[in-house]
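Please read the structure below before turning to the comments.
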Amino acid sequence: CIPVLSTYPILKTLLRRVEKVDGGLDSQDVATSLGVDHQAIVGAVKSLLALGDVISADQRSSKHWELTGEGCEIAEQGSHEARVVSSIPEEGMPQSQLMKLAFGKVGFSKAMSNKWIRLDKGHEGGPRIFKTVEHLEDLVRDKLLLVQKGQASQLEEKEKNELKKRKLLSEVTVKSYWITKGSCFSTTITKQETELTPEMIASGSWKEKKFKPYNFEALGVAPDCGHLHPLMKVRTQFRQIFLEMGFTEMPTNNFIESSFWNFDSLFQPQQHPARDQHDTFFLSDPAQAHEFPQDYLERVRKVHSEGGFGSQGYKYDWKIEEAQKNILRTHTTAVSARMLYKLAQQEKFTPVKYFSIDRVFRNETLDATHLAEFHQIEGVVADYGLTLGDLMGILHQFFNKLGITKLRFKPAYNPYTEPSMEVFSYHEGLKKWVEVGNSGMFRPEMLLPMGLPEGVTVIAWGLSLERPTMIKYGINNIRELVGHKVNLQMVYDSPVCRLDS
Amino acid sequence: MPTVSVKRDLLFHALGRTYTDEEFDELCFEFGLELDEITSEKDIISREQGDTKAEGASDVILYKIDVPANRYDLLCLEGLVRGLQVFKQKMEAPRYRRVSPASSEPQRLVITEETTAVRPHAVAAVLRNITFTQERYDSFIELQEKLHQNVCRKRTLVAIGTHDLDTISGPFTYTAKPPGDIRFKPLNQAKEYTAQELMSLYKTDSHLRHYLHIIEDEAVYPVIYDSNGIVLSMPPIINGDHSKISLNTKNVFIECTATDLTKAKIVLDMMVTMFCEYCEEPFTVEEAEVVYPDGRTCQYPELAYRKETLSADFINRKVGISESTEHIAQLLTKMCLRSEVMSDGEQIEVEIPPTRSDVIHACDIMEDAAMAYGFNNIPRTTPRTYTIANQLPLNKLSELLRQDLAAAGFTEALTFALCSQEDIADKLLKNISETRACRISNPKTAEFQVARTTLLSGLLKTVAANRKMPLPLRLFEISDVVLKDESKDVGARNNRRLCAVYYNKSPGFEVIHGLMDRVMQLLEIKPGQGNGYHIQAADDSTFFPGRCAEIFACGKSIGRLGVLHPDVINRFELTMPCSALDIDIEHFL
């Protein structure tokens, strides 16, 4: 075929052609008339398009006829039957010899049916073939040459279909461009640079150069970086909120806790279902805690079994063995209890605001929203004269920082707080009130045995870290968020956490 | 939280008006209840067993209402209605009275010495001339079940037996006998069984099998006889068929046997206060006498009314409101706590009825006042408590390091603190005895056998679950492991670790080494002996021989790094080489 010209001259030629026509040009026609491969013109169109509005090009598709490999051969060398005729000398040739030629078999039968040759079967030395015509019109070749010149339209449909049947022609769909002048049409083009180089900056040559426009539709290259886990991002935000509100972080780095601090100190009776094997993980090693503040333990025993501090108590047989049992803490409130006890041992009471966000453990039935371990967020304020209104006010401020402004409170029950309130927020999406946390005032039966002064009230609230995170990041199954089955792509893709937006 | 299911129309009839679902939901919310679900028997059966089974079932609308766990007085329609009517000031709280039988001795229940070993307490009472309807009867049975599940702690603390008094004759004896010696026809069975036979019969009973363990291993089983030797019940398992109550029962003998006397009294009070409104003389309960092995006698039910005195100021100060003494007394009365302003105009005398066993301290009364006032009517105020915030140094360090590890190209994982023993031992080619692991006694599955002693297994499991992700995988976690430690009060302590893994076609020791160098740089520790850090070859079965080093900082061993042993890779179902870093960051506080 015709060698492809270097790109630059093609661009110029194409531009000149476009300049000459009033309407537009089909890229396929340009290719044919220039005798170049259509792809070369397509490449030129794309290069010109990349320069801006020099030209405009609309893609269109058209059907046209093309020679097959065999068709090309025939257009060049003549049809098989014509070649058969021309290869036979005046004195004829043996049939066996003819059949050895590449075009022999097909050419023989076609030439026979055209009556261009005859076969003498009884010839001495075997069947022999003789020409019956001197000059012949090779119509097949002529038709193919027409198609090759792009003049297929001169042939009748019937003829084209016949050639198609002989596998000499095929009909192909061609995508081409309809090229017209663009708003900045010009026949002179400047070579464009792809990128700014240090040399250009040094020489100042960038001033004269034109730069290839960027494709702003494409995505950039992802940076090679690490990522923080979404749940931990949310934890950071909650931590930040507590710090903004003046809360001090409690040391919650003790997953293993005694039942005493987890339950008894909180005035949670020993028969409470939360202390059941079905709800709590007990330890077999180390099975028991061995050290308690003895006088405090005695006050706890008394308030459970006999009452006191203004309470009737639960009036049951409190057992030290139950209190000694080690467990995986079921709430971080166990740490709050330790902290409040410590506070009560100070010579003089000072008001405190405490918070923690850490793991807690429940031996529960697992489902799409419950795991055996989760993170509890907890806030505690201890001061003289705090009211239920103060608790609601501080919850209002806390949730405001999470972007939750509509709150209401439902009376609830919790063994160690009284009053206890479930916190509901209005969910704009679901158009209903949903529970977002739990809160309350610690019972005097918890605080007074610790030794806190009578007038001190302690208000507290808690919520899970997982639930707001799942809502924030639109995750329905908790296993996709927490634990080793996490999808790292989700971690890579998770956005920053701004809880108030 | 217990859920009580009541027929909506029956409820509205009893409340004397109808509500829309929304209105009733709102009322519940104010009162501390939750309208959990609106359904019907048909819906429930259809959901649980399919539409075909549900055909013909009742489509009467049911309200399922969540009741706070300490409000046993709201566990049936009767109690709910009474609570709400008093709250809405449609009626006054009834006064429950214990009365002596009109013309005879009270029923007696004699407790024998033998019960001490197994279930020492019993209380009893009589509902005289009661009129049951189908609904009342159903509610009566249902309340027993609710109480059994809640305050009775699945019958371990208390078990209730109710009997048609006209089919039996006192005095009754509560004793305990060897299982072979107890023989009777149990409720809804056709023939007599010994206690032994019953225990095996009920092994397959979907309901009763859950209670067998309570007495199964005891030498003697509790049993109650009437004066003719008829078995009333074998608590806490089953009643006798002979004395079973029916719609036509007029006189009900109620006994509660228990391991906790306080709870037994509460349960008996609940049973009688809820249903005595259907007695000929409403809100009266006929006493029964309990005779103890030592000859002492007690009259039950207690139906004790207790008085507490508190000031309006106390309530105003705790709630954060400023209401008059009179108004606060009214609020409390709405909560079934009949209250009167005392002569000084400041103190309030509050009477706690037998139905409110949850009120054990003035703070419980304060809560009721707040509820009656309406939590959402209380002004929301800001406490003036002035404090300076402090971060826990360990958490502060962890937060800072996390940020920089991510900046160093490692992605944060979040793995479980509980795992199988295999995860921290066998799979890491370690012996469990050298791990100092804390062991859980009651795990439901192997995933919760121990508290982790290393973060490495969690990270390797995270890699295994993400094998389809493009390599390399660089992961880290900063979190706590748990180790046995005798010096702590509970015998164990947490330890904050930093662990990282690099997983790729080549082990990348230099990558994980470089991360370690970076961590040291962040912690301002320079390479070198003495006050710097250095690593030296170490033997560790988790790592490939010759590819593990121990890390020393300021003269102390703080962790290890190296290329993991191919067997470790295999055991975590991984296929590529992997290097890891594991350090204790508590040294840097």
- Which answer fits A/Glu445, side chain, backbone, both or neither, if we ask what part of it has an atom under 4.5 Å from a heavy atom of chain B? side chain
- Contact part of A/Glu418 toward chain B, heavy-atom cut-off under 4.5 Å: side chain, backbone, both or neither? both
- Any donor-acceptor pair under 3.5 Å from A/Ser258 side chain to B/Val490 backbone: no
- Results of side-chain contact (heavy atoms from CB on, under 4.5 Å) for A/Lys325 - residues two or more places apart only: A/Ser259, A/Phe282, A/Glu322
- Task: Name the region of A/Tyr354, side chain, backbone, both or neither, that has any atom closer than 4.5 Å to a heavy atom of chain B.
- Result: neither
- Short question: side chain of A/His484, backbone of B/Ser457 - any donor-acceptor pair under 3.5 Å? no
- At a heavy-atom separation under 4.5 Å, does A/Tyr492 approach chain B through its side chain, its backbone, both, or neither? side chain
- Give a yes or no on whether the backbone of A/Phe255 and the side-chain of B/Asn494 come within a donor-acceptor separation of less than 3.5 Å. yes
- Message: Given heavy-atom pairs under 4.5 angstrom as the criterion, report whether the side chain, backbone, both or neither of B/Arg493 touches chain A.
- Response: neither
- Test the A/Arg408-B/Phe29 pair against the cation-pi criterion, namely NZ or CZ under 6.0 angstrom from the six-membered ring centroid and within 45° of the ring axis. yes
- Message: So for B/Ser479, is it side chain, backbone, both, or neither that comes closer than 4.5 Å to the heavy atoms of chain A?
- Response: side chain
- Interface moiety of A/Glu364 toward chain B, non-hydrogen atoms closer than 4.5 Å: backbone
- Query: Does any heavy atom of chain B fall under 4.5 Å from the side chain of A/Glu422, the backbone, both, or neither of them?
  - Reply: side chain
- A/Lys485 side chain to B/Ala465 backbone, donor-acceptor under 3.5 Å: no
- Message: Between A/Thr387 (side chain only) and B/Arg317 (backbone N and O only), is there a donor and an acceptor less than 3.5 Å apart?
- Response: no
- Checking heavy atoms, do the side chain of A/Ile327, its backbone, both or neither come under 4.5 Å from chain B? neither
- Query: Is a side-chain N or O of A/His290 found less than 3.5 angstrom from the main chain of B/Lys488, in a donor-acceptor match?
  - Reply: yes
- Salt bridge B/Asp260-A/Lys315, side-chain N to carboxylate O under 4.0 Å: no
- Task: State, with a plain yes or no, whether a side-chain heavy atom of B/Asn395 is found less than 4.5 Å away from one of A/Arg239.
- Result: yes
- Side chain, backbone, both or neither: which part of A/Asn326 has a non-hydrogen atom closer than 4.5 Å to chain B? side chain
- Query: When you measure from the side chain of B/Thr387 to the backbone N and O of A/Phe247, does any donor-acceptor pair fall under 3.5 Å?
  - Reply: no
- Task: Applying side chain to side chain contact (heavy atoms under 4.5 Å, CB included) between B/Leu414 and each of A/Val491, A/Leu231, A/Leu228, A/Val486, report the one that passes.
- Result: A/Leu231
- Message: Less than 4.5 Å to any heavy atom of chain A: does that hold for the side chain of B/Leu157, its backbone, both, or neither?
- Response: side chain
- Look only at the side chain of B/Lys444 and the backbone of A/His278, and say whether a donor-acceptor pair between them is shorter than 3.5 Å. yes
- Item | Portion of B/Leu473 that has a non-hydrogen atom of chain A nearer than 4.5 angstrom | side chain
- Query: Heavy-atom distance under 4.5 Å to chain A: side chain of B/Asn442, backbone, both or neither?
  - Reply: both
- Quick one: salt bridge (charged side-chain N to carboxylate O under 4.0 Å, His left out) partners of B/Glu367, sequence neighbours excluded? none
- Task: Examine whether an atom of B/Glu399 lies under 4.5 Å from a heavy atom of chain A, and if so say whether it belongs to the side chain, the backbone or both; otherwise answer neither.
- Result: side chain
- Query: With only heavy atoms counted, which part of A/Glu373 is less than 4.5 Å from chain B, the side chain, the backbone, both or neither?
  - Reply: side chain
- Query: What part of A/Phe361 lies closer than 4.5 angstrom to a heavy atom of chain B: side chain, backbone, both or neither?
  - Reply: side chain
- Under 4.5 Å from any heavy atom of chain B - which part of A/Met250: backbone
- Item | Under 4.5 Å from a heavy atom of chain A, the part of B/Leu475 involved | side chain
- Task: Could you look at A/Asn414 and say if it's the side chain, the backbone, both or neither that has a heavy atom under 4.5 Å from chain B?
- Result: neither
- Do A/Leu283 and B/Ile440 touch side chain to side chain, with heavy atoms closer than 4.5 Å? yes
- Item | Pairs of heavy atoms under 4.5 Å with chain A: top-ranked of B/Cys438, B/Pro68, B/Ala492 | B/Cys438
- Task: Name the region of B/Ala417, side chain, backbone, both or neither, that has any atom closer than 4.5 Å to a heavy atom of chain A.
- Result: both
- Item | SB check B/Lys154 A/Asp276 (cutoff 4.0 Å) | no
- Query: Going by heavy atoms in the side chains, are B/Val67 and A/Tyr413 under 4.5 Å from each other?
  - Reply: no
- Message: Donor-acceptor check, side chain of A/Glu291 to backbone of B/Asp489, threshold 3.5 angstrom: yes or no?
- Response: no
- A/Thr280 versus chain B, the contacting section by heavy-atom distance below 4.5 Å: backbone
- Task: Could you tell me whether the side chain of B/Arg380 reaches within less than 4.5 Å of the side chain of A/Leu407, counting heavy atoms only?
- Result: yes
- Task: Under 4.5 Å heavy-atom distance to chain B, tell me which part of A/Leu371 shows up: side chain, backbone, both or neither.
- Result: side chain
